[in-house]
Amino acid sequence: MSMLPLEVWFRCARERWPAVDWSILRFGIHLGEITPKHPEDVFISGAASERLENAWVAINQDFRPEVLRRLLQVSRVGESAEDLWSETIVKLMTVDPTGVQLADGRPPCKIRLYRGEVPLPSYMAVIAKRIAFDDLRRRKVRLSLALSQAQESKRSDLPAEEIKMEQEMAERFATEFVDAFAALTPMSQALLSLHYGQGLAKADAGRLLGIPPYKVSRELGAAMKDLRIRLTRFNPETWSPTAMDMWLRTWMQCSNITGGVANHEP
């Protein structure tokens, strides 16, 4: 990389954050060969990765409001936006064992992995949303297991033969469900998994898969219809839209935890 753009980026960053005393040499080493779209954000994140306290203060002052704004919708279904911000900072401040050791012998922080492709608030908001969705998914799985245990307790009074029959039917249906899901197109599997398994909004799931916003609901409906058609021959009287929605969410969330068929990480 030529010195001219590096010097310009460095000067702009230092003017923006004069209290962050990070050298142009360290900035250049941190950049390497990349040409970031947001070089000033790379400067402040790079300084933070080397544990400069003023860099973290600047990130909190300059980027926190925008990240919190982006998290308002997510916080309604999970933790508060402030909690998610705190967890994101903790995550970005953790040690990155893949980084080159600093001059004092310590490893850098994980925020070094940010490379300026998007604004730093966008990058942090994505991390925070993943934390929120992962927490929501874990809570849903715990709820599902609690309900299952409650149902198991109720069934304890049933005759042994009836319990065995129910178990066999449940196992057979689970196998049929997995087979039916596996028969869907990869796009349908991914869309269902992202929306029902990872809790992404339809628009977010569509964006990750390259589906135009106006087509997401139609594609999701078509995938559910295809899955329902494949299953109605087994249990035609049970497949209401509510039942389908419950089965998709419960089964895919459990599959994401245990590494089942429905585990489609973006």
Side-chain angles (χ1 to χ4, degrees), residues 37-38 66-79 81 84 88 114-141 144 173-174 176-236 238-266:
K37 295 178 182 177
H38 303 275
E66 174 60 18
V67 175
L68 292 180
R69 186 190 68 79
R70 292 168 180 261
L71 294 178
L72 286 178
Q73 184 176 4
V74 178
S75 64
R76 296 192 193 108
V77 296
E79 300 173 89
L84 291 172
T88 300
Y114 168 74
R115 306 306 284 161
E117 285 296 312
V118 297
L120 185 55
S122 299
Y123 178 82
M124 298 178 77
V126 168
I127 293 175
K129 288 177 181 180
R130 286 177 179 168
I131 291 172
F133 287 133
D134 285 346
D135 180 68
L136 183 61
R137 183 169 58 194
R138 284 191 294 268
R139 285 190 282 122
K140 285 184 175 180
V141 170
S144 175
F173 177 75
E176 293 162 354
F177 191 94
V178 171
D179 290 343
F181 185 84
L184 298 177
T185 66
M187 180 65 76
S188 293
Q189 291 183 34
L191 185 57
L192 290 171
S193 296
L194 288 171
H195 181 58
Y196 288 100
Q198 298 191 33
L200 292 184
K202 294 179 183 179
D204 292 335
R207 178 177 53 78
L208 287 174
L209 297 173
I211 302 174
Y214 66 90
K215 291 182 63 177
V216 177
S217 292
R218 185 172 63 194
E219 293 291 335
L220 191 61
M224 291 182 67
K225 180 180 178 181
D226 194 5
L227 183 60
R228 185 160 53 243
I229 289 172
R230 295 174 186 277
L231 289 165
T232 49
R233 65 179 183 273
F234 301 121
N235 295 274
T238 64
W239 285 109
S240 66
T242 301
M244 174 65 80
D245 184 89
M246 181 188 69
W247 241 99
L248 279 166
R249 292 183 188 280
T250 302
W251 179 75
M252 288 187 187
Q253 286 155 10
C254 291
S255 295
N256 277 328
I257 296 299
T258 59
V261 176
N263 189 7
H264 291 272
E265 293 295 336

Closest approach of A205 and L191, non-hydrogen atoms and distance?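 Minimum heavy-atom separation between A205 and L191: CB-CD1, 4.0 Å.
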Considering all heavy atoms of both residues, which atom of T88 and which atom of A128 are nearest to each other, and what is their separation?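 Heavy atoms only, the tightest pair is OG1-CB, 3.1 Å.
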Rounded to the nearest 0.5 Å, what's the gap from [atom1] on [X] to [atom2] on [Y]? Could you check?
X: H195; Y: K202; atom1: NE2; atom2: NZ; result: 5.5 Å
X: E219; Y: S188; atom1: CD; atom2: OG; result: 7.0 Å
X: L71; Y: R69; atom1: CG; atom2: CZ; result: 10.0 Å
X: E66; Y: S122; atom1: CD; atom2: OG; result: 7.0 Å
X: M124; Y: L84; atom1: CE; atom2: CG; result: 12.0 Å

Any donor-acceptor pair under 3.5 Å from Y114 side chain to Y123 backbone: no
A side-chain contact here means heavy atoms from C-beta on lying under 4.5 Å apart; do R207 and D204 qualify?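 R207 vs D204: side chains touch.
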For a 4.5 angstrom cut-off between non-hydrogen side-chain atoms, does L209 reach L194?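 Yes, side chains in contact.
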